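The first residue in the sequence is number 1, and the count goes up from there. Keep in mind that this is a model prediction, so the values were computed, not measured.
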Amino acid sequence: ARASRRAARPRAMRLRTVGNALVLLGADEKTPADPHGSRHAVVTFLEEVAGMRYLWPGELGLVTPRHRTLALPALDRTFTPRITQRKVRWSRRNDRIDLGLAYLGLTPEDYDARFAAAIGKDAGLPSWTEWQRLGGSLGLSGGHSYGQAWEKYHEEHPEWFALQPNGSRDLSQLSPERSRLCKSNLALIEALARDKIAELKKSGARSLSLAPNDGGRATFCVCKDCRKLDPPEARRITLTDYTASPPRKYETAALTDRMVWFWNRLAERIEAEVPDTWFVVYAYSAYKSPPVREKLHPRLAVFFVGVSYESDEARAQARRDWSEWAAMSGKLVWRPNLLLYGRREGAPSVFIHKLAEDLSHFADNGLLGTDFDSIMHHWATEGLNSYALARLLWDPTRKADDILDDYCRSGFGPAAEAVKAFFLRIEAITNEVAAQGLPKLAPYTPSVCAELRERLDEAASLAGGDEVVARRIAFLRSGIQFAEIQARTHAFAAAAKERKPDEAARERFRADMESKFQLMRTLYRDEPLALSMPQ
């Protein structure tokens, strides 16, 4: 064991048989950034030797094959994950979910208790994210950086805030907690740098975020000094002016060079007083495209908020952007919103082949870590994506087909091929949406949903008397049941914008809405992990 311990490299785990002894270990105490090597080794053993899997959270998703005896193969393997930070956010109850709960006539307290029971929190079930070996940290702190700026500075220095197209810098009615700044203002930069220096000295942190506030209704500064920082040859983008009534869209050059200039000035000032600090910035929003003129300060780490599987064109552009950012920065973190695909609509999706292609490409081109937003607990309609993502983060060389085959074989046994055909059909639909720019629910017509149900019917017949497999198939079926009724109600809403519906159509819509409401309550009660109904 001592020899094995010496062989364990930082972030490594070791599986080894020595005579009649089994050694499972990791360099935990030596890797504070990824300190669970021993646990990872145990999970790897349980999967590779005992055949266990954790398809989705909760008892139904935990695959536990029965063995009268367990034959140990000869083991001597060391593994170090290439991706240091394997972060995937886990959606929790928030204000938006509370609104959904109120609509369904439910309480936040009931949701918390029901969700905890569903994932087996008090029943001794393992954490799904821990089992999937997610975790690790690069020690880079991201997020909105200037949420207190308006409250702190607007009275004395209104000129520090973004000039709006209507000529005002008053952001009091435009989400001041997400205020936009006049980034060309050197006095503002000095004040912000002093704030950040004090923050660093107090916390002792090795990194801090310089990323601007996200969202809000104020647009970016349109003063002449800020606009001078935007090269006219930069990519064209569209912004919205909410000071106009009604709000109007206008075209401008991408703001990345402006942002990089601002970040560089802050980084230079802060590093002069607190050396060796890393600064987190985001390639996002109006500053997603790479800069065309400015060069990145060497201590800037870039969180890339890009890649969409809702549009092939957007995905291709994002992959090109990644390559350019990777050439500029030695630290790149992928921070996409891919897992939000069906957050609002509950649209089924499978995009594991694209995901495998992109993670493999990024891992070979500057990827240090990830920060995915977010597992939304639509496990019946999108769970395969989350499962595949976790496997790929642990080992980005894995193939999507291998992950799919293993998922279906492990969880559905004799019904594996029928379930695989079900998932591949949904992936084809997801690809159709991305290629043609369709609304996500549009392809889920009655005939398509009937086809998907037939595939699950075939799977159910192949399952024979396996009750657990039958329950898993029924779990998947609930997602299609919801998608079909959702597609009808969305189609009615879209048609009503074009032409006033007749009374018969209205009556069908009212019946669908009532059916959907009752289905949402039923799923919430019986299968709360199939779809997160309050979303």
Side-chain angles (χ1 to χ4, degrees), residues 53 55-56 60-61 308-312 315 338-343 345-358 376 378-389 391-392 398-463 469-488 490-491 519 523 527 529-531:
R53 297 291 187 275
L55 308 181
W56 58 78
L60 187 60
S308 169
Y309 297 150
E310 300 175 30
S311 163
D312 285 345
R315 178 196 176 210
L338 293 176
L339 299 182
L340 305 183
Y341 184 98
R343 172 178 60 171
E345 304 93 338
S349 69
V350 172
F351 42 69
I352 61 173
H353 286 84
K354 289 178 178 177
L355 186 62
E357 291 173 4
D358 290 342
M376 305 307 295
H378 293 333
W379 291 96
T381 55
E382 299 185 284
L384 176 59
N385 296 326
S386 297
Y387 181 87
L389 171 61
R391 313 305 269 191
L392 291 164
R398 294 196 65 173
K399 303 301 181 185
D401 286 331
D402 294 339
I403 295 172
L404 176 59
D405 286 342
D406 182 73
Y407 187 92
C408 295
R409 183 174 57 250
S410 299
F412 300 92
E417 287 303 313
V419 173
K420 178 181 176 180
F422 168 81
F423 283 128
L424 289 174
R425 181 68 179 99
I426 293 178
E427 186 165 41
I429 293 170
T430 307
N431 289 339
E432 179 186 354
V433 167
Q436 300 182 27
L438 301 174
K440 283 173 278 192
L441 283 166
Y444 289 94
T445 61
S447 61
V448 168
C449 290
E451 176 192 347
L452 291 168
R453 284 195 300 271
E454 287 173 5
R455 294 180 189 272
L456 293 180
D457 289 344
E458 179 187 359
S461 67
L462 292 170
V469 170
R471 287 178 58 203
R472 289 179 182 141
I473 293 168
F475 184 84
L476 298 179
R477 189 187 301 275
S478 65
I480 301 307
Q481 183 183 7
F482 183 76
E484 183 172 9
I485 194 169
Q486 270 283 76
R488 290 203 302 270
H490 279 240
L519 176 60
L523 288 176
E527 289 290 2
L529 293 178
L531 289 109

Going by heavy atoms in the side chains, are [X] and [Y] under 4.5 Å from each other?
X	Y	result
V469	L462	no
I403	I352	no
W379	S386	yes
V448	P443	no

If you round to the nearest 0.5 Å, how far is [atom2] of [Y] from [atom1] of [X]?
X	Y	atom1	atom2	result
L531	T381	CG	OG1	4.5 Å
F423	L476	CZ	CG	4.5 Å
Y407	R391	OH	CZ	11.0 Å
R477	I480	CZ	CD1	10.0 Å
H378	N385	NE2	CG	12.0 Å
L339	L389	CG	CG	6.0 Å

Any salt bridge linking R409 with D406? Criterion: basic side-chain nitrogen under 4.0 Å from a carboxylate oxygen.
yes

Pair listing, side-chain hydrogen bond (donor to acceptor under 3.5 Å, both in side chains) test, anchored in residues 414-427, at least two apart
H353-E427, D405-K420, R425-E451

Looking only at non-hydrogen atoms, find the nearest pair between [X] and [Y] and report the distance.
X	Y	answer
R472	G411	NH1-O, 2.9 Å
A459	A415	O-CB, 3.2 Å
Y444	A487	O-CB, 3.4 Å
I426	L452	CG1-CD2, 4.0 Å
L441	A483	CD2-O, 4.0 Å
P439	V433	O-CG2, 4.2 Å

For the side chain of K440 and the backbone of G342, is there at least one donor-acceptor N/O pair under 3.5 Å apart?
no

Where the side chain of T430 meets the backbone of V350, is there a donor-acceptor pair that is under 3.5 Å apart?
yes

Candidate pair R455 and L424, rule side-chain contact (heavy atoms from CB on, under 4.5 Å), full reasoning:
CA-CA 11 Å; R455 294 180 189 272; L424 289 174; over 6 Å; no

Under the side-chain contact (heavy atoms from CB on, under 4.5 Å) rule, what do L55 and F475 come out as? Steps first, then yes or no, please.
CA-CA 12 Å; L55 308 181; F475 184 84; over 6 Å; no

